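Please read all numbers here as calculations on a predicted model, not as lab measurements. The first residue in the sequence is number 1, and the count goes up from there.
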Amino acid sequence: MSLLRVTAHMASPLAGAQHDLHLDGVLLAASPGIRGDKAPITRSTPLAEILYPPVPIATIRARGHWVYACSGLEHDGRPGLERLTKRRDPTDTESLAANYSARSGPGRNYCLPIPTIETPTCSWLVIGRRRGILELLRYVKQLGSIRRQGYGVVTRWTAEHEERDPVEVLVRDGRARRYMPAEWTAGADWTRGPTRPPYWHPALSEPRVVPGQPCELRPEVVAAVSTLR
């Protein structure tokens, strides 16, 4: 296992809230054990049926909890706002075989605000196997939300070795870099939610620290990370 900076080189902006975009979730979605599954995981899937096939990332285990050894999304871009609009013109309306409502139902008009991040690259700090990570990321062509509309297109992936403290996959400059169990920190404010993929599943909810939150790691968590290299 090595400490790596994994970078996605982008051809279009990322769409949607990106605090949930952790590299472990991206790699699990690309894993052969998940990709193309005939029974995909939903919010109602029981916790015992959530699969965690092997991925080339280390796991950090401490105080009865575990997470993958990778950070959340990091970028130097700027926030943007675009709008996704659907509105039928008179020609479309005349071509319809039946009446429709422009205010409700599947034929309604809408103008949805889409928060975006305009950045040439986005990256993650991860402890893992470089070759295995890049092999899985070959299947990842887009990131973020609303990909069908052309957002989040990735042109290529790179992974370079980093010389820094491996604890930075969790905390850097006194702030959390990923979702972590609240028990791993001392005196930090916390909310509730998953600390490992899938980050939208309610059955995985627990007290957690969110990315960007000021926090201090407990000594046993620091010791667990130091053994991974």
R208 side chain to P194 main-chain N or O, any donor-acceptor pair under 3.5 Å?
yes

Under a 4.5 Å cut-off applied to non-hydrogen side-chain atoms, are R130 and H161 in contact?
yes

Once rounded to the nearest 0.5 Å, what's the spacing between atom NE2 of H75 and atom CG of L21?
10.0 Å

side-chain contact (heavy atoms from CB on, under 4.5 Å) assessment of V209 paired with T191:
CA-CA 6 Å; V209 175; T191 60; over 6 Å; no

Got I114 and R83 here, is their nearest side-chain heavy-atom distance under 4.5 Å?
no

Could I get the full list of ring-ring contact (aromatic ring centres under 6.0 Å, His included) partners for W200, not counting sequence neighbours?
none

How far apart are the closest heavy atoms of A176 and M180, and which atoms are they?
CB-CE, 3.8 Å

Count I, L, V, M, F, W, Y as connected when their side-chain heavy atoms are under 4.5 Å apart, and connections chain through other members. Are L47 and I41 then in the same cluster?
yes

Look only at the side chain of T85 and the backbone of C111, and say whether a donor-acceptor pair between them is shorter than 3.5 Å.
no

Where is the tightest heavy-atom contact between W124 and S71, given as atom of each residue plus distance?
CD1-O, 3.2 Å

I117 side chain reached by P13 side chain, heavy atoms, under 4.5 Å:
no

Listed once per pair and sorted, the salt bridge (Lys or Arg N to Asp or Glu O under 4.0 Å) pairs that draw on residues 135-144, sequence neighbours left out:
R131-E135

Examine I50 and Y68 and state if one hydrophobic cluster contains both, with Ile, Leu, Val, Met, Phe, Trp and Tyr joined whenever side-chain heavy atoms are less than 4.5 Å apart.
yes

Shortest non-hydrogen contact from G150 toward S12:
O-OG, 2.8 Å

Is it true that atom CZ of R148 has more than 12 heavy atoms of other residues, nucleotides or ligands lying nearer than 6.0 Å?
no

When you compare the side chains of T195 and E206, does any donor N or O come within less than 3.5 Å of an acceptor on the partner?
yes

Under 4.5 Å between side-chain heavy atoms, counting indirect links through other Ile/Leu/Val/Met/Phe/Trp/Tyr residues: same cluster for W190 and V210 or not?
no

Hydrophobic clustering (ILVMFWY, side-chain heavy atoms < 4.5 Å, transitive) - are L112 and Y151 grouped together?
yes

Nearest-0.5 Å distance that lies between atom CG in D165 and atom CG in L3
8.5 Å

Is there a donor-acceptor pair under 3.5 Å between the side chain of H22 and the backbone N or O of Y179?
yes

Is it true that a side-chain atom of R43 and a backbone atom of A203 form a donor plus acceptor pair closer than 3.5 Å?
no

Determine whether L143 and M10 satisfy the following criterion, side-chain contact (heavy atoms from CB on, under 4.5 Å), listing intermediate values before the conclusion.
CA-CA 9 Å; L143 296 170; M10 310 301 298; 4.3 Å; yes

When rounded to the nearest 0.5 angstrom, what is the spacing between CG in L170 and CH2 in W184?
6.0 Å

If you compare all heavy atoms of L14 against all heavy atoms of G152, which two are closest, and at what distance to 0.1 Å?
CD2-CA, 4.2 Å

Of all the heavy-atom pairs spanning L228 and M1, show the shortest one and how long it is.
O-CB, 3.8 Å

If you round to the nearest 0.5 Å, how far is CG of L125 from CG of L4?
8.0 Å

Would you check if the side chain of R218 reaches a backbone N or O of E183 as a donor-acceptor pair within less than 3.5 Å?
yes

Apply side-chain contact (heavy atoms from CB on, under 4.5 Å) to the pair V171 and C215, showing each step before the final yes or no.
CA-CA 8 Å; V171 174; C215 66; 3.7 Å; yes

Do the side chains of T59 and R61 get nearer than 4.5 Å, heavy atoms only?
yes

Hey, could you give me the CG/CG distance between L23 and L137, rounded to the nearest 0.5 Å?
6.0 Å

Please answer whether the main-chain N or O of D24 pairs with a side-chain N or O of R196 as donor and acceptor at a distance below 3.5 Å.
no

Is there a donor-acceptor pair closer than 3.5 Å between any side-chain N or O of T45 and the backbone N or O of T42?
yes

Strictly by salt bridge (Lys or Arg N to Asp or Glu O under 4.0 Å), give each pair with a member in residues 63-82 just once, sequence neighbours left out.
R5-E74, R63-E220, E74-R172, E74-R177, R78-E118

Side chains of S2 and R129 in contact at under 4.5 Å (non-hydrogen atoms)
no

Return the minimal non-hydrogen interatomic distance between V140 and V154, and the atom names on each side.
O-CB, 4.3 Å

Below 30° counts as parallel, above 60° as perpendicular, anything between as tilted: where do the rings of W66 and Y52 land?
perpendicular

Which distance, rounded to the nearest 0.5 Å, do you find between the SG of C70 and the CD1 of I127?
9.5 Å

